[in-house]
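Just the heavy atoms: all of them, side chains too, but no hydrogens, waters or symmetry mates, feed the values below. Please read these numbers as outputs of a predicted model, since none were measured by experiment.
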Amino acid sequence: MTTPLLETDNVTYTYPNGPAALTGVSVRITPGSKTAIVGPNGAGKSTFLLMLNGMLRPASGEVRFSGRPLAYDNRSLRDLRRRVGFVFQNPDVQIIAPTVEADVAFGPVNLGLSPDAVRRAVRDALGYVGLRGYEKRPPHHLSGGEKKRVAIAGILAMEPAVFVFDEPTNTLDPASSEEVMELLDELAAGGRTVLISTHDVELAYRWADTIILMEHGRVLACGPPEEVFSDHTLLAAARLKPPALLDLYNELGLRGVIDRGVPPKSVLEFTDRIERETRGRAPARDKTGKIYLCNADRIGGDELKAFIERSTAEHVGAMGTRAKEFANRERILLEYTYGVIDKCILKALIGEDSLIITTGGMIEHVHRRIGEYSAESGQALAVIAVQESESQRPVRVPSRG
């Protein structure tokens, strides 16, 4: 069993003159996981998260980081908060400096880094969240999504092992919400552990590896999203509805339209399942489209635009803030800005070619996701690196014999 990075053991907490906020909460958070704490308002989600970096201290029970109980002296808490970064629901609570640059520099300066190291940390963090060039802007002139990214950059500059987000998409419009969740995917793809709290079951279902369902300060369930959200009794106890995709899948299963198995987490998985069930095991298609993959850190704008002009790619998408920033700067028109991999797979399955622009660890994430899909579906899809002069890197499908 994997050793937990964060762990709570029978934690309780009561606010002064208030009801119990947490009652016997015991959870384990493994390294590199994506965990969503889900529940209605007042379930204890925020209180639980505040326990994880020592902003609240349990009335009883224990919180452990890397197997060691938290210590609550000033020095220990400073070290813990560098390793467990917390992004508040309202970024205005977190942003305190008169400029973006000064705010992001606050943490590294307090860690005692040299001026050169602080500048590098600020530059890298702002580049990661797509806000390079915003250094001198006053935070109150930014949009809600931009403020959220400034808050994330301020934590990122301290290089924590764990990111904790309290309602990361609260008050954001749909486009900004998708951008923030994609940024969280980037963090996870880079090996960081990410926790969020949310009452949005749709978001939690498609994003998380693990769901912790809470109500009235108690943990009702902990497990994979498809298991937790399929239990209607638990959801009713938490005053939540199941995700629409999962609800439709379960209804089709109950009516005998499809055989029930592992529930789908995306439109792509759902359409594949329906196709197999209604046509029998779908044969491999005679012709599938190609998925071109470009690392925006290793190609020039003119070179990429020339490639787009001469290639057969009919659809272009960008994943990650740096890739989107690159596409915007080079005036490359994007059709897809979220859900990019699945949308390009869907196009490939009907014989159309696509281009994915991304950076860093997301390159391997694209290969891994398409490889997993190919192995599960039996439909081999080719991923072609733009920088390799269109030499194919086919996704290998395990033998079924």
Side-chain angles (χ1 to χ4, degrees), residues 33-38 45-46 49 84-95 100 103-104 107 124-134 137 139-158 160 162-211 225 243 265-266 317-328 334 336-343 357-362 365:
S33 60
K34 298 193 299 182
T35 302
I37 319 298
V38 182
K45 304 187 300 296
S46 297
L49 293 183
V84 181
F86 194 102
V87 180
F88 287 90
Q89 180 179 156
N90 180 0
D92 289 326
V93 173
Q94 195 156 349
I95 298 173
V100 167
D103 196 82
V104 177
D124 292 348
L126 288 177
Y128 196 97
V129 302
L131 291 180
R132 198 167 288 170
Y134 283 60
R137 294 197 188 185
H140 62 272
H141 287 174
L142 304 180
S143 69
E146 289 167 342
K147 287 180 181 178
K148 183 74 77 172
R149 285 191 277 161
V150 170
I152 295 171
I155 299 300
L156 187 63
M158 295 188 289
V162 183
F163 280 83
V164 178
F165 293 83
D166 191 12
E167 297 282 359
T169 61
N170 186 51
T171 74
L172 299 181
D173 59 60
S176 296
S177 295
E178 292 291 348
E179 289 177 358
V180 167
M181 294 311 298
E182 190 174 75
L183 179 55
L184 270 56
D185 270 334
E186 281 189 84
L187 293 171
R192 293 178 173 89
T193 304
V194 184
L195 289 83
I196 69 170
S197 71
T198 183
H199 59 268
D200 187 340
V201 295
E202 307 288 347
L203 180 155
Y205 179 65
R206 70 175 185 268
W207 178 83
D209 301 323
T210 301
I211 300 295
K265 291 186 70 174
S266 68
M319 293 175 56
T321 49
R322 291 209 311 278
K324 291 174 185 175
E325 185 182 49
F326 169 83
N328 181 62
L334 298 176
Y336 307 141
T337 56
Y338 62 89
V340 174
I341 300 175
D342 281 10
K343 288 176 181 176
I357 306 169
T358 190
T359 59
M362 298 299 279
H365 176 64

I need the minimum non-hydrogen distance between [X] and [Y], along with the two atoms involved.
X: H365; Y: A189; answer: CB-CB, 4.5 Å
X: I196; Y: M181; answer: CD1-CE, 4.2 Å
X: M319; Y: I341; answer: SD-CG1, 3.5 Å
X: F326; Y: I357; answer: CD2-CG2, 4.2 Å
X: A204; Y: A36; answer: CB-CB, 3.9 Å
X: A151; Y: P91; answer: CB-CB, 4.3 Å

Measure the shortest side-chain to side-chain distance between [X] and [Y] over non-hydrogen atoms and say whether it is less than 4.5 angstrom.
X: W207; Y: T198; value: no
X: I95; Y: K147; value: yes
X: V180; Y: L172; value: yes
X: Y134; Y: L142; value: yes
X: V129; Y: K148; value: no
X: F163; Y: L183; value: no
X: I211; Y: Y205; value: no
X: T358; Y: V340; value: no

For [X] and [Y], indicate whether the former's side chain and the latter's backbone hold a donor-acceptor pair under 3.5 Å.
X: E186; Y: G360; answer: no
X: S197; Y: E167; answer: yes
X: K324; Y: T337; answer: yes
X: Q89; Y: D166; answer: no

For this session: Could you please spell out the steps behind the side chain to side chain contact (heavy atoms under 4.5 Å, CB included) verdict for R206 and D342?
Result: CA-CA 12 Å; R206 70 175 185 268; D342 281 10; over 6 Å; no

Please round to the nearest 0.5 Å and tell me the distance separating atom [atom1] of [X] and atom [atom2] of [Y].
X: S177; Y: D200; atom1: OG; atom2: CG; value: 8.5 Å
X: F86; Y: S46; atom1: CZ; atom2: OG; value: 6.5 Å
X: L156; Y: L126; atom1: CG; atom2: CG; value: 9.5 Å
X: T359; Y: E325; atom1: OG1; atom2: CD; value: 10.0 Å
X: R192; Y: L187; atom1: CZ; atom2: CG; value: 6.0 Å
X: L49; Y: F88; atom1: CG; atom2: CZ; value: 10.5 Å

Problem set entry | Y336 ring center within less than 6.0 Å of Y338 ring center | no

Problem set entry | Distance-only polar pair, side chains of S33 and D209, donor-acceptor under 3.5 Å | no

Exercise. Between T169, L195, V194, which is the residue that forms a side chain to side chain contact (heavy atoms under 4.5 Å, CB included) with L184?
Worked result: V194

For this session: Give the C-alpha distance, both sets of side-chain angles, the deciding distance and a yes or no for salt bridge (charged side-chain N to carboxylate O under 4.0 Å, His left out) between R322 and E182.
Result: CA-CA 12 Å; R322 291 209 311 278; E182 190 174 75; over 6 Å; no

For this session: Using a strict 4.0 Å threshold on nitrogen-to-oxygen distance, state whether D185 and K34 make a salt bridge.
Result: yes

